[in-house]
Amino acid sequence: MDFFLDTAEVDVIKDLSETGLIDGITTNPSLVAKSGQDFITVLEKIATIVDGPISAEVTAVDTEGMINEGLRLSKIAKNIVVKLPLTLDGLKACVALTNKKISTNVTLCFSSNQALIAAKAGATYISPFIGRLDDIGESGLDLIQDIKSIYSNYNKLNTKILVASVRSLDHVAKSAIIGADTVTLPPKVFMEMYEHELTKKGLDAFLKDWAETKQSIL
Ligand code: G3P
């Protein structure tokens with residue numbers, strides 16, 4: 001499973017990329033606004049840090065505008081993935097950009113049919129927002145399972161499932177059990193993944209016992 005970071009904070013991306021565990025980045029207009037940075041500059045900076053896919057979202061709402069913005073964004077770096085909203089205009093832009101061999105991430109997916117039609121449009125990634133579905137009393141993880149089943153039925157659908165709007169460790173583990181291709185993690189969730197109370201407790205005990213042996217490995 002690929003791990004993307006869901007943030008536009010360059011310092012955080014730099015810091016966490018040093019773990020060697022980050023495969024790509026996703027951004028959206030809200031995350032860029034939160035960063036307080038210029039969008040193009042942020043993308044240029046991220047591209048100097050990360051070799052993997054970097055999702056950059058268009059803000060036009062018409063097909064032609066989305067295509068033009070997508071072409072502009074894709075020129076920033078070879079690993080830019082153009083993020084398009086799941087609207088009819090977005091799907092048409094997805095077909096056009098896919099025909100130009102530009103990678104796409106169709107975002108704001110909340111149903112199986114949306115995921116199916118985005119795959120039909122040739123999307124490189126589909127981004128189902130699972131936390132926001134949970135927020136309205138539905139199950140985001142059920143949607144991931146359904147999309148996985150649908151895509152598995154058809155060899156021609158090569159769209160990758162990019163689980164987005166992740167809020168918890170359970171979201172991550174269950175998405176991996178289902179077999180989602182990629183998860184985009186808020187930095188806080190990424191930092192919680194390796195932790196377990198018993199790991200810390202066990203290590204403390206090992207180190208205490210080792211100190212009593214007065215040995216050294218090197
Ligand atoms: O990748 C999409 C994500 O940023 C949305 O997350 O928590 O705003 O629903 P959230």
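Order of listing sets the numbers, starting from 1, for every ligand and every atom in it. Bear in mind the structure is a predicted one, so any value in this text is a computation, not a measurement.
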Look only at the side chain of E212 and the backbone of D209, and say whether a donor-acceptor pair between them is shorter than 3.5 Å.
no
N79 side chain to D51 main-chain N or O, any donor-acceptor pair under 3.5 Å?
yes
Check ligand 1 against the protein and report each N/O to N/O distance under 3.5 Å, formatted as atom name, atom name, distance.
residue: ligand 1; atom: 1 (O); partner: D6; partner atom: OD1; Å: 3.3
residue: ligand 1; atom: 1 (O); partner: D6; partner atom: OD2; Å: 3.0
residue: ligand 1; atom: 4 (O); partner: D6; partner atom: OD2; Å: 2.6
residue: ligand 1; atom: 4 (O); partner: N28; partner atom: ND2; Å: 3.1
residue: ligand 1; atom: 7 (O); partner: R167; partner atom: NE; Å: 3.0
residue: ligand 1; atom: 7 (O); partner: R167; partner atom: NH2; Å: 3.4
residue: ligand 1; atom: 8 (O); partner: R132; partner atom: NH2; Å: 2.8
residue: ligand 1; atom: 9 (O); partner: R132; partner atom: NE; Å: 2.7
residue: ligand 1; atom: 9 (O); partner: S165; partner atom: OG; Å: 2.6
residue: ligand 1; atom: 9 (O); partner: R167; partner atom: NH2; Å: 2.9

Are the charged groups of K208 and D204 less than 4.0 angstrom apart, N to O?
no
Within 6.0 angstrom of E197 CD, more than 12 heavy atoms from elsewhere:
no
For A118 and L86, which heavy atoms make the closest approach, and how far apart are they?
CB-CD1, 4.4 Å
Could you list the residues that satisfy side-chain contact (heavy atoms from CB on, under 4.5 Å) with Q215, not counting sequence neighbours?
W210, T213
